[in-house]
Protein chains: 2
Amino acid sequence: MLKEERHTTILNEIRIHNRVLLTDLSNLLQVSEDTVRRDLKELDHKGQIKKVHGGAISTGYHSHNQIYAHDKKVVIAQKAIKLLKSGQNVLITGGTTNYELARLIPSKLKITFITPSLSTASQLLSHKHIEVIFLGGRLSHEGQIALGGSVVNSLSEIRADLCFLGTGYLDTVNGLTEFDWEVVQIKKAMIKSSDHVVSLAISEKLNSSQRYKVCDMDSINTMITELNPDDHILDSYRKNGIKIL
Amino acid sequence: MLKEERHTTILNEIRIHNRVLLTDLSNLLQVSEDTVRRDLKELDHKGQIKKVHGGAISTGYHSHNQIYAHDKKVVIAQKAIKLLKSGQNVLITGGTTNYELARLIPSKLKITFITPSLSTASQLLSHKHIEVIFLGGRLSHEGQIALGGSVVNSLSEIRADLCFLGTGYLDTVNGLTEFDWEVVQIKKAMIKSSDHVVSLAISEKLNSSQRYKVCDMDSINTMITELNPDDHILDSYRKNGIKIL
DNA sequence: ATAAGATTTGCAATATTTTGCGTTTTAATT
DNA sequence: AATTAAAACGCAAAATATTGCAAATCTTAT
């Protein structure tokens, strides 16, 4: 049986049952478990399925993205926290990385966070010593963040020490880009209101871009990825005078 | 059963019931309690649930008193939903009763809800057909709602068809009263912006009052409790020309 | 057609992960 | 304080993954 045939069969099985066991596939396809394992690995790498211990599950669901690259995000969040000092006024967007950041804030820091993101706000509120300002507006169903003119207006009345920009795509040529136009407006306003702009992105987001531009690379002061700061992947970013953590 | 499957099941259970018992999960998933414990630990670590003694609850928002008088609150919420019509602009406060209301909104209704409550907003957002406007401001750690002048200001620019006031204490002499002065300011502004004011309260809240006054009974158009509308406990409220459901 | 090179496959040895059980520690209740 | 339920810990067995390797298979250039 050809590899491509197996792959189609596997994808079908997962499409039907939402999950599949490695041993079952080995029986069904009449190949060794090793081969199936390698097939799953390949399909996972292509993003078509999610390989898990003992088999694979469908990737279409929400569950995948939430847990995806979780470890990397924790690493990023921990680096970001080192930038915080008591007394600061900090702008922060939504996204799972910033959510992690919000979770991990040490209790000794007394900081005011300002955010348009429901999930980030909620997480921040679990810390009794943190003050949280929510930027109101129409909430988007996808990102659970407030969008629109009211947010931008409110931001124009704010001066922040720091700004944590989550998600987004980074590229030395196009700078920071986003998929959603409204999100771009918010981020632009956030950057304008901050003394220091920090971009948090897992390395997958590097060297890729989306259709709308938030800012050039030189508007970003600090860049944080899960990689070692002197990883060669970051070489092209270094020359822009950006601090890399 | 794959670990990921268990995780999805656990998250679903919590999403539906807001909490789960460890022993129930152990039965449901047919694995040892230790395994469930490890699953919960993992999910908690990822921030997807909150692990507590004996089981787990959903993250952020609502706490243990969520469970209190839950059945009564569902009854109230169901009555309240009958007042809703597509196309309306509806103000809604926080509180567990309104949270239930938000949960139970039927999908055929196209409504815009405006709220200063994080938990209510978040729940409303789970309905794709509902538009949600969040009234931004400084968030309180206790109630998870936005307080302060910015909320009151925003409310002055809004005209709503309906206003659902949760919590609060009702009394024929003192009217609607509250414990928190800032909350009072918000509720006053909400009443001012609405054509029709609905008070939702479990019967325990009747005939009791707190230190700050929101409004007299005659500012309230409709009153909803879990009791039968012609229960004698409600007699004294009836004469104010209030509609009782 | 065939020989060199690359890819795929199965196997075995070695790691890693998962899981349930007994024991100890911790937390809630009376 | 005493009693009980739950959580944490360490452990060992079982299941699953990874790796190196050699045989089989497929490519492709001559």
Side-chain angles (χ1 to χ4, degrees), chain A residues 1-14 17-59 63-64 66-75 103-104 107 126 128 226, chain B residues 1-14 17-59 62-68 70:
Chain A
M1 176 174 276
L2 296 174
K3 189 165 75 161
E4 298 302 320
E5 292 184 75
R6 291 201 308 273
H7 284 196
T8 354
T9 312
I10 293 172
L11 288 176
N12 271 336
E13 282 295 307
I14 291 185
H17 302 108
N18 271 325
R19 63 139 196 177
V20 76
L21 300 181
L22 187 114
T23 49
D24 290 349
L25 282 177
S26 170
N27 281 324
L28 179 67
L29 301 167
Q30 287 296 312
V31 289
S32 76
E33 300 199 347
D34 298 69
T35 304
V36 177
R37 226 166 251 132
R38 276 182 279 239
D39 286 340
L40 294 182
K41 196 172 178 180
E42 210 172 315
L43 290 169
D44 180 304
H45 207 257
K46 280 196 252 173
Q48 313 204 49
I49 65 169
K50 161 97 173 143
K51 189 172 177 304
V52 298
H53 200 89
I57 57 175
S58 82
T59 185
S63 54
H64 183 240
Q66 281 188 2
I67 46 183
Y68 181 66
H70 178 259
D71 294 345
K72 296 181 181 179
K73 288 168 183 174
V74 171
V75 172
R103 277 187 67 215
L104 299 171
S107 57
S126 71
K128 298 292 174 237
E226 82 280 9
Chain B
M1 173 174 265
L2 298 170
K3 187 170 73 162
E4 311 295 324
E5 292 185 84
R6 292 201 308 271
H7 285 194
T8 332
T9 310
I10 292 172
L11 288 176
N12 273 338
E13 282 295 306
I14 291 186
H17 301 110
N18 280 325
R19 61 159 195 161
V20 277
L21 299 180
L22 189 120
T23 48
D24 290 348
L25 283 177
S26 170
N27 281 325
L28 179 68
L29 301 168
Q30 288 294 310
V31 289
S32 76
E33 299 198 350
D34 294 71
T35 302
V36 176
R37 215 164 263 133
R38 276 183 279 238
D39 285 340
L40 295 182
K41 194 173 175 183
E42 210 173 314
L43 290 170
D44 180 305
H45 201 254
K46 283 193 240 173
Q48 308 198 37
I49 64 168
K50 174 123 178 9
K51 193 170 174 305
V52 296
H53 203 85
I57 57 174
S58 58
T59 12
H62 30 68
S63 47
H64 7 80
N65 78 331
Q66 167 86 20
I67 317 301
Y68 179 67
H70 180 260

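In what follows, chains carry the letters A, B, and so on, assigned in the order in which the sequence lines appear, proteins first and then strands, with residues in each chain numbered from 1.
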Exercise for the section: Report the distance from atom CG of B/D44 to atom C1' of D/dA6, rounded to the nearest whole Å. Expected result: 16 Å
Practice task
State, yes or no, whether a side-chain contact exists between B/E5 and A/R19 at a heavy-atom distance under 4.5 Å.
Solution key: yes
Exercise for the section: Test B/L22 against every option in B/V36, B/V52, B/D34 by the side chain to side chain contact (heavy atoms under 4.5 Å, CB included) rule and name the one that passes. Expected result: B/V36
Handout entry: Below 4.0 Å: OP1/OP2 of D/dT16 and any side-chain N or O of A/K41
Key = no
Handout entry: Short N-O contact, A/R38 and A/E42, less than 4.0 angstrom
Key = no
Exercise for the section: Using atom CZ of B/R37 as one end and atom C1' of D/dA8 as the other, report the distance to the nearest whole Å. Expected result: 8 Å
Handout entry: Non-hydrogen side-chain atoms of A/L40 and A/I49 separated by less than 4.5 Å
Key = yes
Exercise for the section: Pull out every stem in DNA chain C, meaning runs of 3 or more consecutive Watson-Crick or G-U wobble pairs with both distances under 3.5 Å. Expected result: C:1-30 with D:1-30
Exercise for the section: Check whether any side-chain heavy atom of B/T35 lies under 4.5 Å from a side-chain heavy atom of B/R6, and answer yes or no. Expected result: yes
Problem - Residue whose nearest DNA chain D nucleotide is more 5′ - B/T23 or A/K51 - result: B/T23
Exercise for the section: For each nucleotide in nucleotides 17-30 of chain C, reading 5' to 3', give B when a protein heavy atom comes within less than 4.0 Å of its base, S when such contact involves only the sugar-phosphate, and - otherwise. Expected result: SSBBBB--------
Problem - Flag, side chain of A/D44 to backbone of A/K51, donor-acceptor distance under 3.5 Å - result: yes
Practice task
Decide yes or no for B/L28 and B/V20: does some side-chain heavy atom of the first lie under 4.5 Å from some side-chain heavy atom of the second?
Solution key: no
Problem - For atom CG of A/L40 and atom C1' of D/dT18, their distance in whole Å - result: 14 Å
Exercise for the section: Please examine the side chains of B/I10 and B/L43, heavy atoms only from C-beta on, and report whether any two atoms are closer than 4.5 Å. Expected result: yes
Exercise for the section: Take the protein atom CG of B/L22 and the nucleotide atom C1' of D/dA8, then report the distance between them rounded to whole Å. Expected result: 13 Å
